[in-house]
J.: 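Shown below is the structure under consideration.
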Amino acid sequence: MSAHQYDEGHTVAGWTGFGIATVGTAVLGLGVCVVSAPLLVAGTAIDLVGLLVAWALHLTGWGKAPGKRPREQWGMRVRDTGARAGHPGCVGCRLAGRGVRRTAAAAATSTSTAAAGTASGVVPVSAGEAEPATAPSGG
């Protein structure tokens, strides 16, 4: 039996991203200490690569959803079977276009409701849908 009775969230995506980001931050810190613009740029680039690698691993099932996982998925080498459909409440999955599935009927209803709402100056937003960048002018 494990000494820990809870899911610590250790995943391949998390540890890989952490490792790459640690190297990037060390290079960035060295760049600050020696006042070197190339090292600052390199450290920032390595950190961005770490972020993208962790995100890609998360999307392929080597990360975890926000919140608690079932006990059988606590192991670090266990892939998340629900990653392909997207995790509810996960920003990374939403950025990849996962987790928000709309049927054609729901999209048509949303479009007709939005068209009706623009006449009054109010644009309704469905759950899981981003708010419009600018509100329509009232006249």
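All values below come from the heavy atoms of this structure, side chains included, with hydrogens, waters and symmetry mates left out. In this text, all values refer to a predicted model and were calculated from it rather than measured experimentally.
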J.: Establish whether Leu30 and Val35 are linked, either directly or via other cluster members, by ILVMFWY side-chain heavy-atom contacts under 4.5 Å.
T.: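 Leu30 does not cluster with Val35.
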
J.: Can Val23 be reached from Leu40 by stepping across I, L, V, M, F, W or Y side chains whose heavy atoms are under 4.5 Å apart?
T.: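 No: no chain of side-chain contacts under 4.5 Å links Leu40 to Val23.
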
J.: Quick one: does Thr60's side chain have a donor or acceptor within less than 3.5 Å of a partner on Leu57's backbone?
T.: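 It does hold such a pair.
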
J.: I need the minimum non-hydrogen distance between Ala54 and Gly17, along with the two atoms involved.
T.: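 Where Ala54 meets Gly17 most closely, the heavy atoms are CB-CA, 3.8 Å.
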
J.: On the 0 to 90° scale, with breaks at 30° and 60°, tag the Trp15-His10 ring pair as parallel, tilted or perpendicular.
T.: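 Trp15 and His10: parallel rings.
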
J.: With side chain to side chain contact (heavy atoms under 4.5 Å, CB included) as the test, pick out the partner of Leu28 among Asp47, Ile46, Leu39.
T.: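 Between Leu28 and the candidates, side chain to side chain contact (heavy atoms under 4.5 Å, CB included) is satisfied uniquely by Asp47.
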
J.: Which heavy atom of Ala83 sits nearest a heavy atom of Gly61, and at what distance?
T.: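 Shortest heavy-atom separation between Ala83 and Gly61 comes out as CB-CA, 3.6 Å.
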
J.: Is there a path of hydrophobic side-chain contacts, each under 4.5 Å between heavy atoms of I, L, V, M, F, W or Y residues, that connects Phe18 with Leu59?
T.: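 As far as the 4.5 Å side-chain criterion goes, Leu59 and Phe18 are not connected within one cluster.
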
J.: Work out which heavy atom in His58 is nearest to a heavy atom in Cys93; give both atom names and the distance.
T.: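 Heavy atoms only, the tightest pair is NE2-SG, 3.6 Å.
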
J.: Would you check if Leu95 and Trp55 make a side-chain contact, meaning some heavy-atom pair closer than 4.5 Å?
T.: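 With C-beta onward as the side chain, the pair touches.
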
